[in-house]
Amino acid sequence: MHDWDPALYQRFESERTRPAVELLARVSHPAPRHIVDLGCGNGNSTQLLLERFPQSQLIGLDNSEAMLASARKRLPGVPFVQADIADWAPTVAPDLIFANASLQWVAGHAGLFARLMRCLAPGGVLAVQMPDNLDQPSHQLMRELASQSAWRDLLAHAADQRAALLSVEAYYDLLAPMACRVDIWHTAYRHVMPSVQAIVEWLESTGLKPFLDPLSAVLRDAYLQAYTQRIGEAYTERADGHRLFAFPRLFIVAQRAP
Ligand SMILES: C[S@@+](CC[C@H](N)C(=O)[O-])C[C@H]1O[C@@H](n2cnc3c(N)ncnc32)[C@H](O)[C@@H]1O
């Protein structure tokens with residue numbers, strides 16, 4: 001994939017940060033000494049962590065140069081490191097690993113979640129939020145268009161970039177033996193969007209990236225035009241002209257036994 005675009009990502013920042021706020025609200029650790037924000041992006045989730053735990057040693061980690069540059073500008077006092085979550089190991093056991101909207105980009109969840117739990121200090125907390133939207137029209141339509149002849153060859157592997165989530169029960173069964181507390185919930189947001197274009201713009205900086213990055217400008221424009229039309233049909237206009245963009249998300253907070 002091409003690098004992320006922090007400016008495009010920031011366009012819907014308050015909607016994107018809301019799940020991070022709701023995830024953090026369920027973290028009950030009184031005073032984590034070491035915190036890692038995995039897949040910190042442009043630092044919006046890191047800023048929440050800094051505000052809640054100003055005394056902690058906090059680091060942000062991401063593999064996107066562009067996102068890290070934006071995060072460093074936002075929070076100059078916080079160390080941000082470039083690394084891949086897939087093979088990251090902490091030098092000091094964290095008391096809180098926070099991963100808002102990042103682990104869906106990393107494959108092998110059974111191994112990954114077990115490894116993150118083992119990385120925690122005793123009593124430490126793993127707090128994760130992931131979009132659970134692969135079956136939503138927004139994502140079904142991406143795949144449906146990618147299977148059409150105009151784009152099929154270039155987009156053969158586009159859908160593989162996102163990790164399919166395990167079932168809720170599988171996450172629970174995996175985490176419960178390693179934890180003294182597991183809190184799992186789903187929220188289906190209905191974002192009130194001003195236009196079809198706004199829904200497409202939202203997705204362009206995240207879920208659509210693997211489908212747009214491999215395309216030439218001409219093919220990209222044609223794909224976006226067809227996609228925008230289908231999104232308009234799937235997310236119909238309400239009486240006031242707005243569109244409700246359904247966005248289910250899965251939240252997990254697991255605390256390692258002290
Ligand atoms: C949707 S953004 C989430 C940013 C932020 N945590 C938030 O709450 O809005 C996902 C971030 O995960 C990062 N990411 C994806 N895969 C990664 C990996 N394997 N290792 C490190 N970071 C990764 C991306 O670069 C991107 O900045």
Side-chain angles (χ1 to χ4, degrees), residues 1-27 35-52 58-75 78-90 94 96-109 111-113 115-116 119 126-134 138-139 158-165 187 189 191 201-213 245 247-253:
M1 267 203 314
H2 297 169
D3 204 351
W4 289 63
D5 179 343
L8 194 56
Y9 187 75
Q10 237 153 297
R11 212 168 290 172
F12 300 98
E13 183 160 296
S14 93
E15 288 88 346
R16 290 192 202 279
T17 305
R18 181 171 159 193
V21 171
E22 293 171 9
L23 179 66
L24 188 53
R26 296 294 300 167
V27 172
I35 303 177
V36 184
D37 186 12
L38 283 188
C40 60
N42 62 6
N44 55 324
S45 44
T46 323
Q47 184 167 352
L48 294 178
L49 290 163
L50 184 63
E51 285 164 4
R52 164 97 184 262
L58 170 63
I59 64 163
L61 180 148
D62 206 286
N63 63 358
S64 159
E65 193 58 65
M67 288 298 231
L68 287 169
S70 178
R72 288 183 185 116
K73 211 180 272 179
R74 180 196 291 250
L75 300 172
V78 174
F80 287 97
V81 297
Q82 189 167 27
D84 194 320
I85 296 166
D87 50 31
W88 167 77
L96 172 58
I97 297 177
F98 195 80
N100 185 62
S102 54
L103 298 190
Q104 74 277 10
W105 295 108
V106 185
H109 277 195
L112 174 68
F113 276 66
R115 184 166 60 78
L116 294 178
C119 285
L126 173 65
V128 176
Q129 180 279 122
M130 299 175 289
D132 189 11
N133 54 359
L134 292 179
S138 52
H139 287 65
D160 305 342
Q161 306 250 354
R162 269 277 297 269
L165 300 194
T187 298
Y189 297 94
H191 297 294
E201 271 178 26
W202 172 307
L203 292 160
E204 265 183 83
S205 68
T206 51
L208 261 179
K209 268 179 66 50
F211 294 83
L212 298 180
D213 289 350
F245 177 32
F247 205 132
R249 294 178 183 268
L250 175 64
F251 296 76
I252 301 173
V253 177

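In listed order, ligands and their atoms are each counted from 1. Positions are given from 1, in the same order as the sequence printed here.
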Enquirer: Under a 3.5 Å distance rule, please check whether Gln82 uses its side chain to pair with a backbone N or O of Asn63 as donor and acceptor.
Expert: yes
Enquirer: Does NZ or CZ of Arg16 lie under 6.0 Å from the centre of the six-membered ring of Trp202, at an angle within 45° of the ring axis?
Expert: yes
Enquirer: For atom 12 (O) of ligand 1, grab the closest protein heavy atom and report residue, atom and distance to one decimal in Å.
Expert: Ser102 CB, 3.6 Å
Enquirer: Counting distance only, does the side-chain N/O of Arg115 pair as donor-acceptor with the main-chain N or O of Ala86 below 3.5 Å?
Expert: yes
Enquirer: For a side chain to side chain contact (heavy atoms under 4.5 Å, CB included) check, start with the C-alpha distance between Trp4 and Asp62, then their side-chain angles and the critical distance, and finish with the verdict.
Expert: CA-CA 11 Å; Trp4 289 63; Asp62 206 286; 5.7 Å; no
Enquirer: What I want to find out is whether Glu201 reaches Arg11 closely enough, with some N-O distance under 4.0 Å, to be called a salt bridge.
Expert: yes
Enquirer: In the protein, what heavy atom is nearest to atom 23 (C) of ligand 1, and what distance, to one decimal place, separates them?
Expert: Asn63 OD1, 3.2 Å
Enquirer: Between Arg249 and Tyr189 (side chain of the first, backbone of the second, donor and acceptor by atom type, cut-off under 3.5 Å), is there such a pair?
Expert: no
Enquirer: Looking at Gly41, which atoms of ligand 1 are within less than 4.0 Å of one of its heavy atoms?
Expert: 4 (C), 27 (O)
Enquirer: With atoms numbered from 1 as shown, which atoms in ligand 1 lie under 4.0 angstrom from a non-hydrogen atom of Ser64?
Expert: 25 (O)
Enquirer: Would you mind listing which atoms of ligand 1 come within a distance below 4.0 Å of any non-hydrogen atom of Asn44?
Expert: 5 (C), 7 (C), 8 (O), 9 (O)
Enquirer: Within the structure, does Ser45 bring an N/O atom to less than 3.5 angstrom of an N/O atom in ligand 1?
Expert: yes
Enquirer: Just heavy atoms, cut-off under 4.0 Å: does Asp84 contact ligand 1 by side chain, backbone, both, or neither?
Expert: both
Enquirer: Considering heavy atoms of the protein only, find what lies nearest to atom 10 (C) of ligand 1 and give residue, atom and distance to 0.1 Å.
Expert: Ala101 O, 3.2 Å
Enquirer: Can you check whether His2's main-chain N or O pairs, donor with acceptor, with Asp213's side chain at less than 3.5 Å?
Expert: yes
Enquirer: How does Val106 reach ligand 1, by side chain, by backbone, by both or by neither, if only non-hydrogen atoms under 4.0 Å count?
Expert: side chain
Enquirer: Using a 4.0 Å heavy-atom cut-off, say whether Met67 meets ligand 1 through its side chain, its backbone, both or neither.
Expert: side chain
Enquirer: Would you mind telling me if ligand 1 is within reach of the side chain of Ala83, the backbone, both or neither, using heavy atoms under 4.0 Å?
Expert: backbone
Enquirer: For atom 20 (N) of ligand 1, what is the closest protein heavy atom, and at what distance to 0.1 Å?
Expert: Ile85 N, 2.9 Å
Enquirer: Short list, please: which atoms of ligand 1 are under 4.0 Å from a heavy atom of Trp105?
Expert: 15 (C), 16 (N)
Enquirer: Among protein heavy atoms, which lies nearest atom 8 (O) of ligand 1, and at what distance?
Expert: Asn100 ND2, 2.6 Å
Enquirer: Identify, for atom 25 (O) of ligand 1, the protein heavy atom at the shortest distance, and state residue, atom and that distance.
Expert: Asp62 OD1, 2.5 Å
Enquirer: With rounding to the nearest 0.5 Å, note down the distance linking CD in Glu22 to CG in Asn100.
Expert: 10.0 Å
Enquirer: To check you understand the geometry: which heavy-atom pair defines the closest contact between Ala127 and Leu96, and what is its length?
Expert: CB-CD1, 4.3 Å
Enquirer: Quick one: do the Asn44 and Thr17 side chains pair a donor with an acceptor below 3.5 Å?
Expert: yes
Enquirer: Which residue holds the protein heavy atom closest to atom 6 (N) of ligand 1, what is that atom called, and what is the gap in Å?
Expert: Gly39 O, 2.7 Å
Enquirer: Report the part of Cys40 in contact with ligand 1, treating N, CA, C, O as backbone and CB onward as side chain, heavy atoms under 4.0 Å; options are side chain, backbone, both, neither.
Expert: backbone
Enquirer: Identify the protein heavy atom lying closest to atom 3 (C) of ligand 1, giving its residue, its atom name and the separation to 0.1 Å.
Expert: Tyr9 OH, 3.2 Å
Enquirer: For Arg162 and Leu134: C-alpha separation, side-chain torsions, deciding distance, then whether side chain to side chain contact (heavy atoms under 4.5 Å, CB included) applies.
Expert: CA-CA 9 Å; Arg162 269 277 297 269; Leu134 292 179; 3.7 Å; yes
Enquirer: Does Trp4 approach ligand 1 within less than 4.0 angstrom via side chain, backbone, both or neither, non-hydrogen atoms only?
Expert: side chain
Enquirer: How are the rings of Phe245 and His191 set relative to one another: parallel (under 30°), tilted (30 to 60°) or perpendicular (over 60°)?
Expert: tilted
